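Here the structure is laid out as structure tokens; the discussion comes afterwards.
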Amino acid sequence: MDNHVGQDSFDKSRVLNVKPLRTLVPVFPSPSNPSSSSTPQGGAPFVCASPAGPFPTGVAPFYPFFVSPESQRLSEQNAPTPQRATPISTAVPINSFKTPTSATNGDVGSSRRTSRNRAAHITEEEGYNNTEMNELDVEDGIGNGSSKRKKRGRAKRASAGPVTGVSGVVPVDVDLDVVANDILQSINPMVFDVINHPDGSRDSVLFTLMIYEVMRRKLGQIEESTKEAHTGAKRPDLKAGTVMMTKGVRSNGKKRIGIVPGVEIGDIFFFRFELCLVGLHAPSMAGIDYLGSKASQEEEPLAVSIVSSGGYEDNTDDGDVLIYSGQGGVNREKGASDQKLERGNLALEKSMHRGNDVRVIRGLKDVMHPSGKVYVYDGIYKIQDSWVEKAKSGFNVFKYKLVRMPGQPEAYATWKSIQQWTDKSAPRTGVILPDLTSGAEKVPVCLVNDVDNEKGPAYFTYIPTLKNSKAIAPVEPAAGCSCVGGCQPGNYNCSCIQKNGVPPTCRNRVSQVGLKFRLEVFRTKNKGWGLRSWDAIRAGTFICEYAGEVIDSARAEMLGGENEDEYIFDSTRIYQQLDVFPADIEAPKIPSPLYVTAKNEGNVARFMNHSCSPNVLWRPIVRENKHESDLHIAFFAIRHIPPMVELTYDYGINLPLKAGQRKKKCLCGSVKCRGYFC
DNA sequence: CTTATTCAGGGGTAT
DNA sequence: ACCCCTGAATAAGTC
């Protein structure tokens, strides 16, 4: 228990600094610092009002300020307080955690259930090639608080003292450990109870990844904003990973052979540390994970998992077979040498003789994110053969032939198929229409059915955005800083920096409004038509908006009632807390209610089905256009979504039901299914 | 844009 | 202490 995360009393400045997962949230700069307005780009900027209602400036919706009575009660009674492995003292409603995420890749939590939102803005900048909403959450000012904070935890980096800005404003001195602790503290203790279970669960894995994402992003923001001071984390991925490891915020901490509870075949990851944290592959860099002779209680080491990431000359031609190279023989100083039958190589050899299961993670180039990689968990393989061969370098290299065990869900094979469809080396079967948007989107959206004989959805006109949207009053202070082309880190005259201490860099833009991913409308087995993507989608990434005809509440009432229009988007629907806080039902607050019908005219969003365990969520967004601005609904990925996985969001509940409206039986199949939606 | 190079880095295992 | 199929930033090579 000595690793209590900041326990001392609690000083408000620290609490204020905590950025819950909301950090993931589209990090919309708070209303008071719309850094975005600074970029007078061509495209209509997006300003986002988070569904979580405006908050008083400077006040973060976290305990002890905003915890709901229910939340508090629940956490108190369910949490075996005394011996919680990870001591997080402050209770925070889980929803803040699961709040809509945002923009960057973060995924954050998800649920839109949170109600609290503070208005935030997201601006969109055409041409910014990062689709993900960026996470610069400038909101409550990291700098303010932290700079004042006393340094408790030890920061490795030598903080060379506060860097003071020109105008004497905010020192950019951020203690990474303090920031990390603040994030941990802002998490609902109940989450840790889930995570700390000896055997992982789906929730523990997802929570872990969510926390890591928030942490990584937050540390990355700091790094970016403090570049010149060389004070940030050079490797946010490593720093965040270290913190989580140290605090025990991880899943499946015990190394094991075979499947890992809570991790599903086909799951994707974007950082090696994610693999460590969920218990899939422990080494932060090495490609072979194994149980040493001690851990395995045997004389010999046994392999548990491998990551094939292109570092050696692996052969991956056949999707079910992998020729993997042993480790070693590539010392940088000493140059190449023969590999030795030791460590991982020995473990693989032993595992082959024993016929043990070996988990395989395949690293691929992430097309959407050129500089990075995506790791695909491809399930259980067994080692069928091993030999030594001369590598190009002329030295001996061990080779292992791994064969995928049959009966497992498709994972890497799906990626291969998509690649073939892409390069036309194999045809996409079941295509009904190559582009259902008829060119209305920059990217074609195909219509496919390989399930039954339906020829397509009922007729509708494809439009990429809202029709008849009404201008709303400009979102509060449209005034942010006056930086043009983005706030510069060193500009202390920038109001964003003055207010937050951290330069927002003005990257808070969801890049384009249009589609970025290669989406397809497909026939589901039992839910009619659905939507999915050929491209992997990172948590927090903007996917699309809800296009259609804006209508008023009376019309929505009428259409949604007796007319049974199933394509109505109603921002006033309520999102039920599914898991931990069933009583916490609050309606998202947005500048003004929005009702949209996509029955006759709409875009891909009209095909997204409901799920009680959704992988997508929506956020209200205000798009600025010259002097006007109007409200839009944007969808973001809650977590990493592998290709071809159906995109779903929580439709919420209409209470009371409109005249003539009926509850619909939910077919989402989730273990958390509410049973219906309406 | 694709590939190569540089460089700081963390956990795990072995010593 | 050493090893290792990071990952980002930078540089250089391709078109």
Side-chain angles (χ1 to χ4, degrees), chain A residues 105 129-130 156-158 176 180 212 215-217 219-221 223-224 227 230-248 250 253-255 269-296 299-316 322-334 336-337 339-348 358-376 378 391 393 397-400 402 538:
Chain A
N105 27 295
N129 63 2
N130 178 0
K156 283 181 182 174
R157 65 204 164 53
L176 298 183
Y212 177 72
M215 189 92 68
R216 204 197 93 251
R217 291 173 60 193
L219 296 176
Q221 292 171 25
E223 154 64 1
E224 198 157 328
K227 242 174 215 157
H230 294 295
T231 182
K234 294 202 172 82
R235 288 287 301 271
D237 56 319
L238 298 184
K239 178 62 182 172
T242 305
V243 170
M244 306 229 349
M245 286 292 205
T246 305
K247 303 291 185 185
R250 53 186 297 188
K254 184 176 181 188
K255 198 179 282 192
F269 306 86
F270 292 88
F271 292 91
R272 280 293 300 262
F273 246 113
E274 290 180 321
L275 303 177
C276 310
L277 294 168
V278 302
L280 197 57
H281 186 85
S284 55
M285 294 179 165
I288 305 171
D289 190 11
Y290 59 99
L291 287 165
S293 41
K294 286 179 188 172
S296 62
E299 286 302 308
E300 40 198 42
L302 294 173
V304 297
S305 58
I306 59 162
V307 176
S308 170
S309 198
Y312 290 76
E313 302 162 21
D314 297 340
N315 182 323
T316 59
L322 172 63
I323 305 300
Y324 192 75
S325 305
Q327 61 187 198
V330 288
N331 188 297
R332 187 166 318 189
E333 289 85 33
K334 302 171 187 172
S337 61
Q339 288 187 346
K340 295 173 186 161
L341 190 57
E342 57 183 23
R343 300 169 182 274
N345 299 343
L346 180 60
L348 286 171
V358 176
R359 298 187 295 270
V360 169
I361 296 100
R362 292 177 181 261
L364 308 167
K365 185 162 57 174
D366 180 3
V367 184
M368 303 302 296
H369 222 250
S371 63
K373 271 186 192 143
V374 54
Y375 296 94
V376 182
D378 201 34
S393 63
V397 171
F398 286 98
K399 291 286 183 177
Y400 300 90
L402 292 100
R538 265 169 87 145

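Here the structure is a predicted model, which means the values were calculated and not measured. Below, chains carry the letters A, B, ... as their sequence lines are ordered, and counting in each starts from 1. Atom set for the values below is all heavy atoms of this structure, side chains included, hydrogens, waters and symmetry mates excluded.
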(Q) Under 3.5 Å, is there any donor-acceptor pair linking the side chain of A/S284 to the base of B/dG10? (A) yes

Q. Reckon A/D289 touches a base, only the sugar-phosphate, or nothing at all at heavy-atom distances under 4.0 Å?
A. nothing

**Q.** Rounded distance (Å) that lies between atom P of B/dT13 and atom CG of A/N345
**A.** 15 Å

**Q.** Residue pair A/F270 / A/V374, side-chain heavy-atom distance below 4.5 Å
**A.** yes

Q) Would you say C/dT6 has OP1 or OP2 under 4.0 Å from some side-chain N or O of A/S309? A) yes

Q) How long is the line joining CD1 of A/I323 and P of C/dC5, in whole Å? A) 17 Å

Q. Would a 4.5 Å heavy-atom cut-off, applied to side chains only, mark A/K373 and A/K365 as touching?
A. no

Q) Rounded to whole angstroms, how far apart are CG on A/L364 and P on C/dT6? A) 12 Å

Q. Is there a donor and acceptor pair closer than 3.5 Å between the side chain of A/R343 and the base of B/dT13?
A. no

Q) Could you state the CG-P distance from A/L402 to C/dC5, rounded to the nearest angstrom? A) 15 Å

Q. Across all strands, who's sitting opposite B/dG9 as a Watson-Crick or G-U wobble pair, both distances under 3.5 Å?
A. none

Q) Any idea which of B/dG11, C/dC5, B/dG12 is nearest the A/K255 side chain? A) B/dG12

Q: Describe the nucleic acid contact of A/Y290 in one word from base, sugar-phosphate, nothing, applying a heavy-atom distance below 4.0 Å.
A: sugar-phosphate

Q: Determine, for A/D378 against A/R362, whether the closest basic-nitrogen to carboxylate-oxygen distance falls under 4.0 angstrom.
A: yes

Q | Distance-only polar pair, side chains of A/R538 and A/H369, donor-acceptor under 3.5 Å | A | yes

Q.
From CE of A/M368 over to C1' of B/dC1, roughly how many Å is that when rounded to an integer?
A. 15 Å

Q. How is A/G328 classified with respect to the nucleic acid when contacts are heavy atoms under 4.0 Å: base, sugar-phosphate, or nothing?
A. sugar-phosphate

Q | Candidates B/dG11, C/dC5, B/dG9 - which lies nearest the side chain of A/K234 | A | B/dG9

Q) Within this structure, what is the CE-to-P distance between A/M285 and B/dA8, rounded to whole angstrom? A) 12 Å

Q.
Let's see if you can work this out: which of B/dG10, C/dA8, C/dT6 has an atom nearest to the side-chain heavy atoms of A/F271?
A. C/dA8

Q.
Any base atoms under 4.0 Å from A/K365, or only sugar-phosphate, or nothing? Heavy atoms, all strands.
A. sugar-phosphate

Q.
Would the distance check show the side chain of A/D366 and the main-chain N or O of A/G372 forming a donor-acceptor pair, the cut-off being under 3.5 Å?
A. no

**Q.** Side-chain N or O of A/R235 closer than 4.0 Å to phosphate OP1/OP2 of B/dG9
**A.** no

Q. Does a nitrogen or oxygen in the side chain of A/K373 sit under 4.0 Å from OP1 or OP2 of C/dT6?
A. yes

Q | Nearest-Å distance for atom pair CD/P, residues A/Q327 and C/dC5 | A | 6 Å

Q.
Among C/dC4, B/dA8, B/dG12, which nucleotide has an atom closest to any side-chain atom of A/A286?
A. C/dC4

Q: Could you let me know what C/dC5 is paired to, Watson-Crick or G-U wobble, both distances under 3.5 Å, or none if it's on its own?
A: none

Q) In whole angstrom, what separates A/H369's NE2 from C/dT6's C1'? A) 16 Å

Q. Are any of A/Y375's side-chain N or O atoms less than 4.0 Å away from OP1 or OP2 of C/dT6?
A. yes

Q | Exam field: side chain A/Y312 to backbone A/G328, donor-acceptor pair closer than 3.5 Å | A | yes

Q | First of A/Y324 and A/P236 reached from the 5' end of DNA chain C, by closest nucleotide | A | A/Y324

